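So the structure is just underneath, and the comments pick up after that.
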Number of protein chains: 2
Amino acid sequence: MVMATLRDLEVRHLVALDAVATEGTFGRAADKLGYTQSAISQQIASLERLIDGKLFDRPGGPRPVELTPLGERVLASARELLARVDSVGEELDRFRTGEVGRITVGTYQSVSARVLPLVVGRMRAEYPDVEIRVLESDNDDDLDAALGRGELDLSFVVGDWAGQFDSLPLFDDPFVLVARPGEYKRGAVRLSDLNGAAMVGQHANSCQLMNEMGLRAAGLEPNYVFRTNDNGTVSAMVKAGLGVAVMPMLCVDPDDPGIELHPLRPALPHRRIAVAWRKGRTLSPVAVRFVEIAGEVSQVFVDRPLPWATSAA
Amino acid sequence: MVMATLRDLEVRHLVALDAVATEGTFGRAADKLGYTQSAISQQIASLERLIDGKLFDRPGGPRPVELTPLGERVLASARELLARVDSVGEELDRFRTGEVGRITVGTYQSVSARVLPLVVGRMRAEYPDVEIRVLESDNDDDLDAALGRGELDLSFVVGDWAGQFDSLPLFDDPFVLVARPGEYKRGAVRLSDLNGAAMVGQHANSCQLMNEMGLRAAGLEPNYVFRTNDNGTVSAMVKAGLGVAVMPMLCVDPDDPGIELHPLRPALPHRRIAVAWRKGRTLSPVAVRFVEIAGEVSQVFVDRPLPWATSAA
DNA sequence: GATGGTCCATCAGCGTCGCTGATGTTGAAC
DNA sequence: GTTCAACATCAGCGACGCTGATGGACCATC
């Protein structure tokens with residue numbers, strides 16, 4: 001016979017207390033709850049042991065029980081707790097359906113500008129009460145680290161991260177040459193034609209490194225005259241005649257008449273855009289839907305016109 | 001295999017969830033709580049069945065478990081509930097010690113004026129945070145009814161209520177003659193001397209009826225020229241010469257020089273003052289103390305000087 | 001790639017707990 | 001007194017929860 005404490009409390013006890021207080025007798029409470037009178041009697045006795053005090057006065061004979069002053073106090077707390085438990089249940093249901101929730105997503109400039117608005121728009125339409133937080137960074141490592149630490153639920157990433165993350169590949173984003181209209185003949189440009197050309201690029205990040213490695217692998221030593229991480233500035237510099245740029249196609253505004261895009265020949269290895277999350281981790285329902293939507297809206301980029309068609313428009 | 005719902009929730013589940021989330025592994029949580037790892041595993045599994053969703057991602061291998069998004073939500077609610085349960089426990093302790101509580105007491109004019117202040121004063125000194133509510137009524141039936149309905153925790157009553165209530169007798173309050181000083185010789189007055197005297201009395205209530213019955217039993221027909229339920233007004237009318245009054249001694253200000261008190265011979269059956277509560281009902285700790293204190297302070301009235309000594313002072 | 005270590009899941013065994021159904025007890029009403 | 005309507009108690013039993021051991025997954029290390 002060990003000492004019973006509130007840690008042994010069960011919701012069932014509170015339900016029984018409430019029912020007895022409401023119904024007035026153990027028997028009616030038992031009927032209501034689908035137990036026998038004996039069971040209710042034992043449940044209340046057990047609760048009285050936990051509380052360490054009588055909750056009901058039993059007048060004996062055919063008269064109903066009545067709460068003691070202690071019982072009144074406990075009942076008030078019990079009803080409060082029951083209401084809280086119920087509201088937790090409802091909140092969890094809302095969470096499961098995505099009615100409430102929060103999601104934090106990592107992203108970077110080109111995705112922020114071209115992909116994220118499409119996804120966020122559909123998310124807000126489907127789940128108006130879901131809070132969507134976005135962390136944008138120039139630096140892939142920041143996003144990876146934050147994702148690894150669990151600060152991000154999801155992150156857009158470049159490349160495959162099969163080792164560390166689970167991911168859904170969204171689309172391939174080819175490197176294209178950005179030049180002033182007419183500077184090169186329409187259509188593909190040979191890498192060798194870029195030899196010695198003044199180039200505009202980004203500071204060292206995964207795309208830029210991928211890009212430069214591709215160029216060097218083709219035997220040319222790029223001549224960077226300006227670097228910026230702002231994609232708009234890269235295009236602006238090209239327009240201003242500072243040089244040409246090799247950029248992921250997603251980083252360039254396809255409707256900008258001041259520039260012309262050219263496929264490269266041979267093509268550099270394209271970058272693969274994916275949305276990733278920590279390997280093996282369960283996603284919230286909202287996050288799952290976010291990934292689905294990201295996949296759906298990415299069809300736009302899978303099917304997008306090739307650069308020469310665009311510049312020829 | 002029946003469907004588990006939140007109604008099957010137990011505090012133990014929440015404690016286990018909290019411990020695992022805090023400790024990071026099932027094993028350490030088990031050590032902390034004095035269970036085996038197996039028990040914790042089963043408790044969490046059981047909770048996951050209740051919640052109908054995984055709460056932890058188990059990476060497998062030597063790495064600790066991590067909360068799923070659902071788990072985070074549930075944990076937050078669990079901690080809130082645990083805190084609430086703890087605070088209920090503390091509140092109940094305070095209730096038991098009388099540190100908090102409320103008591104509603106029925107009373108009537110003479111007790112309000114002479115007895116209650118003594119009791120309330122000591123109660124407030126002992127239990128400064130206990131709320132004391134007082135219902136005063138001219139009409140005994142009101143108090144009895146309110147006590148019977150449970151609206152009062154305690155009530156001062158006149159007479160024995162052995163049938164309906166439990167009670168503690170406090171003291172006996174004799175009926176005395178109230179007259180102007182010198183109107184009667186000091187000391188006892190014969191009932192027969194009151195025959196035909198103009199009298200001031202109360203409206204029909206238990207004391208007044210008791211009083212009149214006693215007079216009639218002694219063979220005299222009282223001649224009431226004025227009735228009021230206000231004890232001060234009775235005395236004032238006596239002082240003004242409207243008549244004499246037969247009153248419970250407690251209803252008269254013993255220090256009032258404008259009146260003189262006389263015992264009656266033969267004495268009328270005195271009224272017995274008691275504090276009563278519903279038969280068989282458990283009293284709150286504060287109410288128990290209230291009754292004790294009422295008994296203690298009533299010693300003043302048990303031992304109080306007889307009327308002729310008072311008026312001779 | 002084999003090994004050891006550290007996790008959690010699972011299983012069998014078993015004690016305990018909670019429920020049922022029947023019986024005992026109490027007090028009020030007739 | 002008898003009856004009735006309450007709750008308490010008891011024996012029995014089934015289910016549940018815990019223990020201790022085992023198994024499986026995964027990582028790190030060699």
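Because the structure is predicted, anything quoted here is derived from the model rather than measured. So you know, we letter chains A, B, ... as the sequences are listed, proteins then strands, and number each from 1.
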Please give, in whole Å, the distance from [N] [atom2] to [X] [atom1]?
{"X": "A:Asp8", "N": "D:dC18", "atom1": "CG", "atom2": "P", "result": "11 Å"}
{"X": "B:Phe56", "N": "D:dA25", "atom1": "CZ", "atom2": "C1'", "result": "19 Å"}
{"X": "A:Tyr35", "N": "D:dC7", "atom1": "OH", "atom2": "C1'", "result": "18 Å"}
{"X": "A:Leu33", "N": "C:dG18", "atom1": "CG", "atom2": "C1'", "result": "15 Å"}
{"X": "B:Leu47", "N": "D:dC18", "atom1": "CG", "atom2": "P", "result": "13 Å"}
{"X": "A:Phe26", "N": "C:dC19", "atom1": "CZ", "atom2": "P", "result": "14 Å"}
{"X": "B:Glu48", "N": "C:dC8", "atom1": "CD", "atom2": "P", "result": "12 Å"}
{"X": "A:Ile44", "N": "C:dC19", "atom1": "CD1", "atom2": "P", "result": "11 Å"}

_Within the 4.0 Å limit for protein heavy atoms, which parts of nucleotides 23-30 of chain C are touched? Write it as a string from 5' to 3', B for base, S for sugar-phosphate only, - for none._
---BBS--
*Starting from the 5' end of DNA chain D, give me the residue, A:Arg28 or B:Ile40, whose nearest nucleotide shows up first.*
A:Arg28
_Need to verify one output field. Residue with the more 5' nearest nucleotide on DNA chain C, B:Pro64 or A:Ser38?_
B:Pro64
_Sorted by number, the residues of residues 15-22 of chain B with heavy-atom contact under 4.0 Å to DNA chain D_ = none
*Positions of residues 65-76 of chain B (non-hydrogen atom under 4.0 Å from DNA chain D), listed by number*: none
*Consider only side-chain N and O atoms of B:Arg84 and B:Ser87, and report whether a donor and an acceptor are under 3.5 Å apart.*
yes
*With sequence neighbours left out, which residue pairs that include part of residues 88-100 of chain A fulfil the side chain to side chain donor-acceptor pair (under 3.5 Å) condition?*
A:Glu91-B:Arg73
*No-H, no-angle donor-acceptor pair, B:Thr36 side chain to D:dG20 base, under 3.5 Å*: no
*asked:* Should the side chain of B:Ser41 and the base of C:dT10 be counted as holding a donor-acceptor pair, with the cut-off at 3.5 Å?
replied: no
*Are the charged groups of B:Asp18 and B:Arg79 less than 4.0 angstrom apart, N to O?*
yes
_Between A:Arg58 and A:Glu66, does any NZ, NE, NH1 or NH2 come within less than 4.0 Å of an OD or OE carboxylate oxygen?_
no
*Counterpart residues, side-chain contact (heavy atoms from CB on, under 4.5 Å), relative to B:Gln42 (two or more places apart)*: B:Ser38
*From the list D:dC18, D:dA21, C:dC19, which nucleotide is the closest neighbour of the side chain of B:Gln42?*
D:dC18
*Considering residues at least two apart in sequence or located in another chain, which fulfil the ring pair (Phe, Tyr, Trp, His ring centres under 6.0 Å) criterion with A:Phe95?*
none
